[in-house]
S.K.: 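Structure incoming, see below.
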Amino acid sequence: MAEVFPVSLKALVSALQALPGVGPKSAQRAAFQLLERDREGMGRLAEALTTARASIGHCERCRMLCENHVCRLCADPGRDSATLVIVESPADVAAMEQATDYRGRYFVLNGRLSPLDGIGPDEIGGEALEALLAGGVGEAIVATGATVAGEATAHRIAELAAHHGVRTTRIAYGVPVGGELEYVDDSTLARAFSGRRAVEE
Ligand SMILES: [Zn+2]
């Protein structure tokens, strides 16, 4: 079969497959759509990707996505350093901030323990988390999802926290089993947060 598409188009289709859940077919569709209907959008996309890649990193303290060494929440002197909410993703921080009146600090795991996928303590920032737990935190509130991996992660964190003399609570009430935090509606998340309970190690 003769090659019908230009090299740059093939490269675009291949690059679009870096997006989660996008396979060859939908990447090709997206490429055609952009080329035929939205050249301007292509420019914005290219620029946003380049800028984000160059400027967005992780907060040194809490691993939130940010553009400086330390994120806005960590840099805010009005936040209470005695409580630490531990979440799986930056989206969970946004969800918590929107749904609750929590004024403490966060730690973002950027994943959850999953030994079979090669995700161990190092991959979820174990060392940085320990540094925070050792630094005057009184209560660690584990807000990982109600999935098997989320529960396993919560137990591991409870062990770590206990090692540093930090009390651990777990949000539970109202978060459906198998539920990802960012998809839980605001009022459910707010109740789950206020109904947190101690985690058995
Ligand atoms: Zn931070």
Side-chain angles (χ1 to χ4, degrees), residues 20 48-114 117-147 149-172 175 179-186 188-190 192-194 196 199:
L49 283 170
T50 306
T51 307
R53 180 171 185 255
S55 62
I56 299 176
H58 293 99
C59 172
E60 283 171 0
R61 232 176 280 174
C62 75
R63 308 218 315 150
M64 179 68 174
L65 291 173
C66 72
E67 290 182 336
N68 300 309
H69 293 298
V70 172
C71 75
R72 282 183 194 174
L73 291 168
C74 284
D76 181 352
R79 311 281 306 199
D80 174 18
S81 298
T83 52
L84 185 68
V85 162
I86 299 155
V87 294
E88 290 180 12
S89 81
D92 296 338
V93 173
M96 286 283 302
E97 284 295 293
Q98 194 188 315
T100 72
D101 54 4
Y102 177 66
R103 294 292 296 160
R105 308 268 175 195
Y106 290 94
F107 185 81
V108 185
L109 301 165
N110 290 311
R112 54 196 156 195
L113 286 178
S114 184
D117 303 312
I119 302 175
D122 287 350
E123 282 68 37
I124 59 169
E127 219 169 283
L129 177 56
E130 283 218 65
L132 278 181
L133 291 171
V137 172
E139 180 186 5
I141 302 157
V142 186
T144 51
T147 57
E151 292 295 343
T153 306
H155 281 276
R156 181 72 191 102
I157 292 170
E159 284 172 3
L160 266 185
H163 181 72
H164 292 282
V166 177
R167 188 166 69 95
T168 308
T169 54
R170 172 97 169 97
I171 68 161
V175 175
E180 301 274 5
L181 207 65
E182 64 173 298
Y183 302 117
V184 174
D185 67 89
D186 284 2
T188 302
L189 181 54
F193 182 67
S194 58
R196 62 188 183 269
V199 179

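Note that the coordinates shown come from a computational prediction; the quantities given were computed from them, not determined experimentally. Order of appearance sets the numbers: ligands from 1, and atoms from 1 within every ligand.
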S.K.: Under 3.5 Å, which donor-acceptor pairs do the side chains of residues 117-135 form with other protein atoms, sequence neighbours left out?
M.R.:
residue : atom : partner : partner atom : Å
Asp117  : OD2  : Ser114  : OG           : 2.6
Glu123  : OE1  : Gly120  : N            : 2.9
Glu130  : OE1  : His164  : NE2          : 2.6

S.K.: Taking only residues at least two apart or on different chains, which pairs with a member in residues 59-94 satisfy ring pair (Phe, Tyr, Trp, His ring centres under 6.0 Å)?
M.R.: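 For residues 59-94, and leaving out neighbouring residues, there are no ring pair (Phe, Tyr, Trp, His ring centres under 6.0 Å) pairs at all.
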S.K.: Report yes or no: do Arg170 and Thr144 form a side-chain donor-acceptor pair below 3.5 Å?
M.R.: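 On atom types as modelled, these side chains qualify, holding a pair under 3.5 Å.
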S.K.: Using the test salt bridge (charged side-chain N to carboxylate O under 4.0 Å, His left out), find all partners of Arg112 that sit at least two apart in sequence or belong to another chain.
M.R.: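 Here the qualifying residues are Glu88, Glu180.
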S.K.: Can you check the number of protein N/O/S atoms within less than 2.8 Å of the Zn ion (ligand 1)?
M.R.: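 Number of qualifying protein atoms: 4.
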S.K.: Is there a donor-acceptor pair closer than 3.5 Å between any side-chain N or O of Arg105 and the backbone N or O of Arg79?
M.R.: yes
S.K.: So does Arg63 get a backbone contact from the side chain of Asn110, meaning a donor-acceptor N/O pair under 3.5 Å?
M.R.: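 Yes, because the side chain of Asn110 sits within donor-acceptor range (under 3.5 Å) of the backbone of Arg63.
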